[in-house]
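Data first, discussion second: the structure below is written as structure tokens.
One is the number of the first residue; the rest follow in order along the sequence.
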Amino acid sequence: MPAIVIVGAQWGDEGKGKASDQLGTEVDYVVKFNGGNNAGHTVIVGEEKFALHLLPAGILTPGCTAVIGNGVVVDLEVLFQEKEALEARGVDTSLLRISSNAHIIPSYNKRIDGANERLLGKRKIGTTGRGIGPTYADKMNRIGIRVQDLFDPSILRQKVEGALHQKNNQLASLHSEETFDVDVVTNELLSYAERVRPMLINSSAELNKALDRGLTVVFEAGQAVMLDIDHGTYPYVTSSSTTAAGACTGSGVGPLRLDRVVGVAKAYITRVGEGPFPTELLDDAGDRLREVGGEYGTTTGRPRRCGWYDAVVARYAARINSLTDVVVTKLDVLTGLEEIPVCVAYEIDGERVEDMPENQSDMHHAAPIYEYLPGWSEDISMCRSFEELPANAQAYVLRLEELSGCRISSIGVGPERAQTIVRHTLLD
């Protein structure tokens with residue numbers, strides 16, 4: 001059975017949770033390998049709608065072990081709030097596991113995150129203010145706090161004290177903010193220790209043993225390729241590795257263990273926060289996509305910026321991630337449009353460019369070059385095979401496949417789990 005990586009192939013919010021969830025009960029492990037509670041998955045199961053922020057979508061699959069990998073940063077308060085909320089709705093969370101090497105988001109980093117954004121003013125990144133960036137910065141600066149530190153109070157206090165020596169000076173001098181007490185922060189973190197203990201694992205060892213046994217492991221990315229810290233539209237990116245390569249570093253498995261890499265893309269495209277967005281629509285067409293598609297953040301509620309499908313981004317995602325499959329979601333949102341533009345290239349300084357610009361300034365000045373495809377008016381929400389789609393909808397999907405350079409294996413025609421057309425199974 002395969003090891004499958006599921007990544008966002010645009011700027012996030014593509015429906016990765018539904019893509020991993022739709023693999024069904026044949027999946028033994030689902031691993032979140034990057035990010036924190038700064039993103040969200042909305043998964044609809046039957047009549048119930050679940051909004052997941054920190055937990056992997058696999059938590060909703062009975063018998064599936066859901067793992068928070070070492071590449072994730074964890075807000076312990078959010079972890080237990082989300083866990084208890086699911087339990088109250090009858091979801092079994094007994095198979096939730098967390099890597100002992102995952103880093104913890106301490107309360108002071110949430111304060112610093114918001115203060116940093118205010119200090120940047122017009123140059124703000126558009127973060128969620130949940131302490132994600134400062135916690136990853138602490139990790140690289142080697143002053144971070146890991147889950148395993150909860151079980152050595154002396155070491156934990158030393159680490160908190162060392163971090164606060166810097167953080168309190170920053171809060172007081174740069175932001176005129178209230179500072180934090182070492183003992184208060186230490187005791188707050190220690191209060192979670194015994195609740196975390198039953199979930200603690202060596203994720204690298206457990207996942208490799210699972211693959212050795214022939215079990216199916218799905219690696220689920222937070223955010224998307226265009227928000228990757230190295231390969232995204234820097235500096236308007238997240239603070240972690242969101243590509244397929246991040247699945248290895250964020251979980252402790254080697255690259256040769258991976259069998260499939262699945263990119264998830266909407267039939268159009270959206271973005272949250274600041275940064276370049278060549279196909280962004282600032283007109284009635286953009287408003288229509290937002291309202292029909294329900295394009296508001298799962299975590300923040302912020303309205304998403306909307307635009308037409310960008311094949312330049314799609315080709316880039318396929319190359320960066322070595323995509324084997326693409327899952328297209330929300331095709332139904334385009335129903336009713338007479339004509340659907342698709343961005344096939346950019347114009348930069350009067351020249352046609354078909355590859356992702358390397359230069360940040362070029363990306364900011366890129367203007368989309370569109371190809372116009374005929375739309376359809378028929379309701380496609382009940383279609384369950386490709387042949388049932390209207391001819392123009394089929395042609396649209398096939399053109400996206402051609403432009404993106406990767407096979408489209410399934411198509412979302414509605415928000416529910418069953419509203420999916422499968423062309424090629426991901427478990428082959």
Side-chain angles (χ1 to χ4, degrees), residues 1-2 4 6-10 13-27 30 41-52 57-58 60-64 216 218 220 260-270 288-289 291-295 298 309 314 323-338 340 342 373-404 406-428:
M1 291 297 241
I4 302 172
I6 296 178
V7 298
Q10 296 169 328
D13 308 306
E14 301 95 345
K16 296 180 292 297
K18 183 184 179 186
S20 59
D21 181 67
Q22 77 183 39
L23 291 169
T25 57
E26 296 179 75
V27 174
V30 172
H41 299 315
T42 299
V43 181
I44 297 177
V45 182
E47 299 296 319
E48 292 202 74
K49 182 177 181 180
F50 296 89
L52 305 175
L60 300 175
T61 301
C64 178
T216 299
V218 173
E220 177 187 291
R260 289 283 178 83
V261 182
V262 181
V264 185
K266 285 175 182 166
Y268 48 102
I269 195 167
T270 65
R288 180 199 180 278
L289 290 176
E291 294 308 315
V292 176
E295 297 299 349
T298 302
Y309 189 88
L323 295 183
T324 60
D325 302 83
V326 172
V327 170
V328 170
T329 61
K330 293 194 169 184
L331 184 66
D332 54 300
V333 174
L334 302 181
T335 298
L337 296 174
E338 292 185 9
I340 307 171
V342 174
L373 301 177
W376 60 91
S377 58
E378 300 92 330
D379 180 9
I380 65 172
S381 63
M382 299 302 291
C383 295
R384 295 297 178 267
S385 71
F386 188 69
E387 292 70 27
E388 291 180 77
L389 289 172
N392 285 350
Q394 292 184 38
Y396 183 78
V397 171
L398 293 175
R399 184 57 176 147
L400 296 192
E401 186 173 66
E402 181 181 20
L403 288 167
S404 304
C406 185
R407 75 176 189 178
I408 293 176
S409 294
S410 68
I411 305 154
V413 293
E416 296 182 11
R417 177 185 281 178
Q419 291 179 295
T420 303
I421 294 171
V422 177
R423 298 177 72 209
H424 309 282
T425 177
L426 300 177
L427 292 175
D428 283 343

Do the side chains of [Y] and [X] get nearer than 4.5 Å, heavy atoms only?
X	Y	answer
Asp332	Asp379	no
Val397	Ile411	yes
Leu289	Val333	yes
Ile380	Leu331	yes
Leu60	Leu52	yes
Leu389	Glu378	no
Val342	Leu403	yes
Ser409	Val326	no

Please confirm whether the backbone N or O of [Y] pairs with a side-chain atom of [X], one donor and one acceptor, at under 3.5 Å?
X	Y	value
Thr329	Glu14	yes
Gln10	Lys266	yes
Tyr396	Trp376	no
Arg423	Phe386	no

Fill in: All side chain to side chain donor-acceptor pair (under 3.5 Å) counterparts of Ser385, not counting sequence neighbours
Glu388

Fill in: For Tyr309, all residues meeting side chain to side chain donor-acceptor pair (under 3.5 Å), sequence neighbours excluded
Ser404

Item to complete: Enter the distance from Thr324:OG1 to His424:NE2 here, rounded to the nearest 0.5 Å.
Response: 11.0 Å

Fill in: Reported CG-to-CZ distance for the pair Leu334 and Arg288, which is rounded to 0.5 angstrom
7.0 Å

Practice prompt. Identify the heavy atoms of Arg407 and Thr425 that sit nearest to each other, and give their distance.
Written response: NH2-O, 4.2 Å

Worksheet item: Can you name the side chain to side chain contact (heavy atoms under 4.5 Å, CB included) partners of Val262, sequence neighbours left out?
Response: Ile4, Ile6, Asp325, Val327, Leu426

